[in-house]
Asker: 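Quick one: the structure is below, and I'll ask about it shortly.
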Amino acid sequence: MRTVDEEVVMEDRSKTIIRAGYMSLVVNLALGVLKAVVGITTHSIAILLDAVNSFTDMFSSIVTLAGTRIAGLPASEKHPFGFGRVEYLTSFTISAIILAAGISSFIEAIKSLMNPKPPEYTMVSLVIVALASLIKGLLGVYLKRTGK
């Protein structure tokens, strides 16, 4: 059994993870949609694959949120040691999501090489991609600081 101090630390940790998870989910959803629109309109496989990366990060956030909630459940008669090991399953699930996205990206890149379409970048699309990169960088700094 955990002490009262350990319970408080675990509760604070869970709240922090959940807050960061929601922030990551919302930002990555918005960036994914934005990058997908720009990638489709400019015929850029690179921007489309970056959108896939943002959606992968979004799904990872969903898995992390679900895992954190389950891991925080109290011990029960059926699970006397609690559910903390769920975090291992979430880590495995996230790695599977990343692997699937990587394989999908590889396949799409090969298809694009076989049937190339020249990208049609506009100043607006380049500004949007630059802004998305800045936002993703700021999200990374936030998540790194939150993790510490």
Asker: Under the rule for side-chain hydrogen bond (donor to acceptor under 3.5 Å, both in side chains), what residues qualify as partners of D50, not counting sequence neighbours?
Answerer: K35
Asker: Which pairs pass salt bridge (charged side-chain N to carboxylate O under 4.0 Å, His left out) with one or both residues in residues 138-148, sequence neighbours excluded?
Answerer: none
Asker: Quick one: list whatever passes side-chain hydrogen bond (donor to acceptor under 3.5 Å, both in side chains) with S125, sequence neighbours left out.
Answerer: T122
Asker: Quick one: CD1 on I97 to CE on M58, what's the gap to the nearest 0.5 Å?
Answerer: 9.5 Å
Asker: On a heavy-atom basis, which atom in A51 and which in A36 lie closest, and how many Å separate them?
Answerer: CB-N, 3.5 Å
Asker: Give, for atom OG1 of T68 and atom CD1 of I17, the distance between the pair rounded to the nearest 0.5 Å.
Answerer: 4.5 Å
Asker: List for me each residue that meets side-chain hydrogen bond (donor to acceptor under 3.5 Å, both in side chains) alongside T93, sequence neighbours excluded, and say none if there are none.
Answerer: none
Asker: Sorted by first residue and then second, give each side-chain hydrogen bond (donor to acceptor under 3.5 Å, both in side chains) pair with at least one member in residues 127-137; sequence neighbours left out.
Answerer: N28-K136, D57-K136
Asker: Going by the rule side-chain contact (heavy atoms from CB on, under 4.5 Å), which residues pair with Y142 if we only count those two or more places apart in sequence or in a different chain?
Answerer: R19, A20, M23, L139, T146
Asker: For the backbone of A100 and the side chain of S104, can you confirm whether one donor and one acceptor N or O come within less than 3.5 Å of each other?
Answerer: no
Asker: Among Ile, Leu, Val, Met, Phe, Trp and Tyr joined by side-chain contacts under 4.5 Å, find the other residues sharing a cluster with V127 and list them by chain and number.
Answerer: M123
Asker: Using links of under 4.5 Å between side-chain heavy atoms of ILVMFWY residues, direct or through other members, which residues join L48 in one cluster?
Answerer: I40
Asker: For S60 versus I94, what's the shortest heavy-atom pair and its separation?
Answerer: OG-CG2, 3.5 Å
Asker: Are V63 and I70 linked, directly or through other ILVMFWY residues, by side chains that come within less than 4.5 angstrom of each other?
Answerer: no
Asker: Out of curiosity, L31 CG to L131 CG, how far, rounded to the nearest 0.5 Å?
Answerer: 8.5 Å
Asker: If hydrophobic clusters are built by linking Ile, Leu, Val, Met, Phe, Trp and Tyr wherever their side-chain heavy atoms come under 4.5 Å apart, do V124 and V38 end up in the same one?
Answerer: yes
Asker: Got a second to check how far N53's CG is from I47's CD1, nearest 0.5 Å?
Answerer: 13.5 Å
Asker: Rounded to the nearest 0.5 Å, how far apart are OH of Y22 and CD1 of I62?
Answerer: 9.5 Å
Asker: Compile the donor-acceptor pairs under 3.5 Å between side chains in residues 109-120 and protein atoms, sequence neighbours left out, one pair per line.
Answerer:
residue: K111; atom: NZ; partner: E108; partner atom: OE2; Å: 3.4

Asker: Below 4.5 Å, heavy atoms only, C-beta onward: do I98 and T56 meet side chain to side chain?
Answerer: yes
Asker: Give me the other members of the hydrophobic cluster that I103 sits in, counting Ile, Leu, Val, Met, Phe, Trp and Tyr linked by side-chain heavy atoms under 4.5 Å, directly or via other members.
Answerer: L99, I107
Asker: Name all residues meeting the side-chain hydrogen bond (donor to acceptor under 3.5 Å, both in side chains) criterion together with S61; count only those two or more places apart in sequence or in a different chain, and write none if there are none.
Answerer: S24
Asker: State plainly whether one hydrophobic cluster holds both V129 and V52, where clusters connect Ile, Leu, Val, Met, Phe, Trp and Tyr through side-chain heavy atoms under 4.5 angstrom apart.
Answerer: no
Asker: If you look only at pairs with a residue in residues 48-80, which of them pass as a ring pair (Phe, Tyr, Trp, His ring centres under 6.0 Å), with sequence neighbours excluded?
Answerer: H79-F83
